Amino acid sequence: MLHNAENFASHFFVLGNPMIYGADVSILLVIFGIVFVLTYYKKWGWLWREWLTTVDHKKIGIMYLIAALLMLFRGGVDAILMRTQLIMPNMSFLKAQHYNEIFTTHGTIMILFMAMPFIFAMMNIVVPLQIGARDVAFPYLNAISFWLFFFAAMLLNISFVIGGSPDAGWTSYPPLAGITFDKGPGENFYLLALQITGIGSMATGINFFVTIMKMRAPGMTLMRMPLFTWSVLAASIIIIFAFPVLTVALTLLLLDRLAGAHFFTIFDGGNPMMYVNLFWMWGHPEVYIVVLPAFGIFSEVVATFSRKRTFGYASMVASMIAIAVISFFTWVHHFFTMGAGPGVNSFFAVATMIIAIPTGVKVFNWLFTMYQGRIKMHLPMLWAIAFIPNFAIGGATGVMLSVAPADYQYHNSYFLIAHFHQVLIGGTVFGMLAGMYYWWPKMFGIILNERLGRWAFWFFNIGFYVCFLPQYWLGWMGMTRRMYTYSTGMGWSLWNFISTIGAYMMGIGFVFIVIEVGYSILYGERDLTGDPWDGRTLEWSLPSPAPHYNFARIPEIAGRDAWWTIKEARRKGDPVVESKPFKPIHMPNDSGRPFVLSVLFFVFGFSMVFTWYPLAFVAFLGILISLILRSFEYHTDHTLSVEEIRHTEEAYGRV
Amino acid sequence: MKRNQARTFALLTALAGTSLLLPGCGEQVLVFNPVGPVGMIEKQIMVLTIIMVSIVVIPVMILLWIIVARYRDKPNNRAPYRPEWSENRILEIIWWSIPIIIIGILATFTVQKTFALVRPPNKVVNPLTIQVTSLDWKWLFQYPGQKIATVNYCEIPSNRPIEFVLTSNAPMNSFWVPQLGGQEYTMPGMAMKLWLEADKPGVYYGSGANFSGEGFAHMHFNVIARPAGEFNHWVQKIQSTAPPLSLQRYAILARRTIVQPMSFSTNQPGLFEKIVSQDGGMYMRRDLTRGKINSQAGTD
Amino acid sequence: MTSIEHHLEEHSGRSNGLDSTGMDEKHTPWNHIIGFSISLVLTVLALWMVLHHIIHAAVLFGAIMALAILQAFVQLYFFMHITEHHVPQWPFHVWMLTLGVTFTILFVVASIWIMSFGAESY
Amino acid sequence: MAMADFLVKAPSAGRGPIEYTHEDDALRIFGFWVFIATDMVLFASLFATYAVLYRHVGHGPGPLQIFDVTGFATETFILLTSSFTCGLSTYSMHRGQKGWMMAWMVVTILLGISFISFELSEFITDVAQGATLQTSAFLSAFFTLVGTHGAHVSLGIVWMTLILIQLAIRDLTPTTARKAFVVSLYWHFLDIVWIFIFTIVYLLGEMS
Ligand code: HEA
Ligand code: HEA
Ligand code: CUA
Ligand SMILES: [Cu+2]
């Protein structure tokens, strides 16, 4: 009896590793701390009312942001651990198995639980404000998306202490990730967590597509939309068509693992390569999902801080749409070395290279937006300027990879690792940080401290080059990715050492960001104008933070850079006064159901991981019931009276 | 404006120069020190790409530097400020077309070389066939023509094209000998072909390039290229001294272990074909039967 | 909510782009009947062609695919009223479907091509 | 009408059929079209998998051994008819004939149920003959593709039933009309998917 329990426990909990015990203890401590603080300050009700049940896009955005930063930290710690293991040859800081788990969770978390929520944070916070809408098209669905993401992230993270983490890489190729070679529940965690967050992402894609297509303020034609909104539209289109493929790939692999199917097994006709094919059918578009919104942010930031209109707006739009569509025609470049034949490789190599053309156009247009402008070096602009050379190199190495015969030499080497960190960090992370600095005042009414921000910037940026430039070299020297250790004699030691130093510098940069946020919350400059940067787009016409209904009156848009136009008119002494009377505003009700629904999804996922089918079935029923209950719910919104609105606006001093 | 152009040009030439020199430095930069025609083609196209992408990327950086320096918002900056200037057809045509031209050139070369690399690098000399199987976590090399086998090392004759036929009896991996040429996946149930050739005798580092689990980091091996005579000598030595590769031995090899290099005097006939088609492996079976994997091709 | 009567009154006769033809007055859903008949004919035709192997397999496959695509359009047009435009910014859902069809064809055809592993001669 | 006038925005108010009365509902219909686009790609991936794997029969039976012409032909005609009756339901809705609308919905649901029953009995026969999800790649792909469609249809049945109840409770309002319209779009879409299953899975199987 006792023996059985012990046996169970040792399979259920990950035992025997001091680092994991440490993690267990710290997780318990953190949970305990949170519970204590909430109880002590009697904040449970507040938490439920203001956050867990909210359907307000701005709050959902903030929650995405917090989650993304936490995941950046988690993924970053993973990175630091890996780099420490690789700092010298034959290190025994991490065991092979542990290293494998760490790079798998690092890649998975960084892409799906850091980059994705970070772009969702920016989308949520900004898009409705930029297009003059009161919320997204489907606020309730939006809350579901967030909570699905959140609990999926929890599901994946919990694997570290319960059951064991996935260890087959973020790409999770079978047969290695199949049941034959990987019995453990780790892979199940991967599959179910991604599946759940994938559903949420798909819903977000639809939501923002509809929002942008149909909820723009009168007068805002498509060609008057801010470029960030355009980039989100393009990213949404990619999400809509790419994520279903991931859903299928994961489902089939899960069927292989749990139901004994033979899609990707190596016997009874299965073909593991089909998984690789499906994975990248999603995987390649995915990387543009995470980089296009960053492009959008850079467009906003560059125009604002150069105090100039965006150069070549039409080209900017055309290139984003082109990237979105072409991104579906390139996926084979991730497996040129599979031997699918020269015809296949040629087609997909050329399609891949073509993406460099619209991307290049964007780079030139950014440069010429600055040209003959007046560049103000605030933090967002600093990141935007650092992005250009960084991404240009990363993109150029991407083009080098896309040359199929050359890729036979680069594939799966550190050259590839360097390429994608350069575009993911130099593109996505820099973009999201620029966006965070840019819109922080809009979110919280606080401007982040410049001086600490510069320290963070320089550490992170220099650290980046120190960390990743040597990796190109390592790739050329024949070092392959996913090696937990290497021996002397290959000449890799020096470059790995330098690279690790760079990683530490990036870590310090991140610490500065944390300090900066803390410091600014306590002592930071408050933004009372609502327009600290002299912005060009509509979100800056609102007070910071914006009232929950966003716009007391829906603005009429007369041109591109809507807010700038109004300010210009005012500067010329033509006071554009809002004289329309307030009207009652229709607002969606808060609801606890998205949260509950997602908890049920979590329970479902967790029980599927351990194949506890009865519990999974119960959770599934719960999910169905909450969907049915929603279907019967008719009073899903309420009306704000003119009185209330006037009251709020007066408090902001805006009547 | 003139001065800028001159500076750009100077930098460009400097860069092109470095990229050409780059292969020269560092013996250990394997992919730029190829020893065979395949690696050579790949190196050439890599260098070409580096130059082509530098043609735009370097000027972009210089431009960025100049613009940021010139148009900073400082007091008394007398550079022009035109906040409404946002369209210029000619400029836009220029930067749509430059990348188009560069990509056009690259695409042409890419297609050409992609097709070239699936053919034997040298049509004059009779190729040698080596069957490669990636196992957990080791490499098995079988010489169907010589009826010998090795583990975790492989000897080849120099100046003779080698037809590596690749499969896996474990999670997929990738067979990569950087100095001979690029890699190709080894996949269970499939037999893929990779042409390589060494022009000079030597010992070349090879490794598995696609992650295959715990022992993956230890899956490296040496490829030893020798002149034909020495190679034949080595074959005879193995044939006469090494133990045979029986099915039991193979079964032991296939277990999840990390082992030292080994040699075997016979190779179990049909073992490779069996590995490929064992579990109802579907692909390339038609090639096996059609004789595309020609076990006889390598006999002397 | 009894505004519904008012609503119907207001729209009677042109309540639906397709149903608003003259036939509508006779209370017979001609459009649906036509659509249904066509789809039956197409299905039977495809089934018959296959069961009787009337043409060479490759051509036959092309033919039944063509029938299927035709039938998809019948559904879209007669039942899903894809050509109606009641929604402001009408054609965007059609664009999305078009993109979806493009990617559908791409994914299927390209997967087959890729997974045939160089069956092309070289 | 309980809802305030301002909800009914100019572009759709007073034009078009009942389900487009409110801006909110128009949004949802549009959103649903986009969802259909995603579902299309989901099926595309399953079709791609099937197309790649359908010759991989391993040691199991091939398409010819397990497909039964009368069986799948019957399923096809049932589903086609249900698409028609579903269309009639929408047609009645647009004419304000709630009774007919509900009646046709009931017919559609019944046809849906019989479709599912036929499919299930087909599956059960296959399994009884030893052709299961675990037998071969071909069968995994077959059961998953056809099963996913079947799951969609089952969901459609449940959903339509829920809307039927709501129609009974809440009468034909812009909201219930929108819900009914959306489910009809879903149903027709599933019919389209089935046409391709019929062609690519069954007819092609018969040709092999
Ligand atoms: C944000 C993410 C992101 C972005 C934007 C890109 C952008 C590009 N990527 Fe990258 N890529 C990844 C993330 C990304 N990638 C990841 C994560 C992987 C590996 C996954 C894994 O295996 O784990 C990967 C892998 C990867 C491979 C596979 C390599 C291999 O596995 O062997 C290839 C091959 O073609 C490739 C190519 C490209 C190209 C051509 C671009 C282009 O879009 C780049 C275009 C940009 C420019 C070119 C720069 C700007 C342009 C100019 C300044 C002017 C014009 C320039 C020229 C004419 C050259 N990428
Ligand atoms: C957006 C995505 C993203 C981001 C931001 C990063 C960020 C980083 N990555 Fe990662 N990486 C991937 C996506 C990303 N990576 C992917 C997809 C893979 C492939 C996985 C696979 O093969 O499956 C990968 C793989 C990968 C590898 C290869 C592993 C291998 O193949 O063996 C390496 C090695 O150097 C690496 C390093 C780093 C470093 C140093 C950072 C740095 O930028 C991190 C900077 C650090 C922080 C931001 C946090 C700082 C932390 C602290 C301050 C805490 C300090 C605490 C302690 C020291 C305990 N990454
Ligand atoms: Cu997979 Cu060959
Ligand atoms: Cu890619």
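Side chains included, hydrogens not; waters and symmetry mates left out as well; all remaining heavy atoms used. Note that the structure is a prediction, hence the values are computed from the model and not measured. Reminder, nothing fancy here: chain letters follow the sequence lines and each chain counts from 1.
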| request: Return the minimal non-hydrogen interatomic distance between C:Ser111 and D:Val52, and the atom names on each side. | output: O-CG2, 3.8 Å
| message | As a quick check of understanding, evaluate side-chain contact (heavy atoms from CB on, under 4.5 Å) for C:Phe61 and D:Leu203, giving each step before the final call. | response | CA-CA 9 Å; C:Phe61 180 66; D:Leu203 291 186; over 6 Å; no
| task | Might you point out which heavy atoms bring C:Ala68 and D:Thr199 nearest each other, and give the distance in Å? | result | CB-OG1, 3.4 Å
| Portion of D:Phe84 that has a non-hydrogen atom of chain C nearer than 4.5 angstrom | both
| remark: D:Val34 and C:Met96 have their tightest heavy-atom pair at CG1-CE, 4.2 Å
| Atom of D:Ser83, atom of C:Gln75 and distance for their closest heavy-atom approach | OG-OE1, 2.9 Å
| Which residues pass the ring-ring contact (aromatic ring centres under 6.0 Å, His included) test with D:His149, sequence neighbours left out? | D:Phe115, D:Trp194
| said: Between C:Met49 and chain D, with a heavy-atom cut-off of 4.5 Å, which part of the residue counts as in contact: side chain, backbone, both or neither? | reply: neither
| Around D:Phe118, counting heavy atoms of other residues, nucleotides and ligands shown, do more than 12 lie under 6.0 Å from its CZ? | no
| How far apart are the closest heavy atoms of D:Val41 and C:Phe107, and which atoms are they? | CG1-CE1, 3.6 Å
| side-chain contact (heavy atoms from CB on, under 4.5 Å) between C:Leu76 and D:Ile192: does it pass, once the steps are laid out? | CA-CA 8 Å; C:Leu76 279 169; D:Ile192 296 181; 3.9 Å; yes
| Under 4.5 Å from a heavy atom of chain D, the part of C:Val101 involved | both
| task | Examine whether an atom of D:Phe198 lies under 4.5 Å from a heavy atom of chain C, and if so say whether it belongs to the side chain, the backbone or both; otherwise answer neither. | result | side chain
| said: Using the rule given for side-chain contact (heavy atoms from CB on, under 4.5 Å), can you reason through C:Gln71 versus D:Leu80, listing the C-alpha separation, both sets of side-chain angles and the distance that settles it, and then say yes or no? | reply: CA-CA 11 Å; C:Gln71 186 161 178; D:Leu80 283 180; 3.2 Å; yes
| note | When the 4.5 angstrom heavy-atom criterion is applied to D:Thr76 and chain C, the contacting part is side chain
| said: Just verifying a value: how many Å separate D:Tyr91 OH and C:Asn31 CG, rounded to the nearest 0.5 Å? | reply: 9.0 Å
| note | On a heavy-atom basis, the closest approach of C:Ile112 and D:Ala51 is CD1-CB, 3.6 Å
| message | Just so I understand: if I count every heavy-atom pair under 4.5 Å between each of D:Ser45, D:Ala73, D:Gly87 and chain C, which residue has the most? | response | D:Gly87
| query | Does any heavy atom of chain C fall under 4.5 Å from the side chain of D:Val69, the backbone, both, or neither of them? | reply | side chain
| query | How long is the span from the NE2 atom in C:His32 to the OG1 atom in D:Thr90, to the nearest 0.5 Å? | reply | 6.0 Å
| field | Pairwise side-chain contact, C:Phe103 with D:Met40, heavy-atom cut-off 4.5 Å (strictly under) | value | no
| side-chain contact (heavy atoms from CB on, under 4.5 Å) assessment of C:Met65 paired with D:Ile200 | CA-CA 8 Å; C:Met65 278 310 290; D:Ile200 291 176; 3.8 Å; yes
| query | Relative to each other, are the rings of C:His93 and D:Trp33 parallel, tilted or perpendicular (30° and 60° limits)? | reply | tilted
| query | To the nearest 0.5 Å, what is the distance between CD1 (C:Ile64) and CD (D:Glu206)? | reply | 10.5 Å
| note | The interface call for D:Phe43 against chain C, heavy-atom contacts under 4.5 Å, is neither
| request: Output every pair passing salt bridge (charged side-chain N to carboxylate O under 4.0 Å, His left out) with a member in residues 25-34 of chain D, not counting sequence neighbours, ordered by first then second residue. | output: D:Asp25-D:Arg178
| query | Considering only heavy atoms, which portion of D:Tyr202 lies under 4.5 Å from any heavy atom of chain C: side chain, backbone, both, or neither? | reply | neither
| C:Ile33, part contacting chain D, at a heavy-atom distance under 4.5 Å | both
| field | D:Thr81 portion near chain C, given a 4.5 angstrom heavy-atom threshold | value | both
| field | Residue C:Leu42 versus chain D: region with a heavy atom under 4.5 Å | value | neither
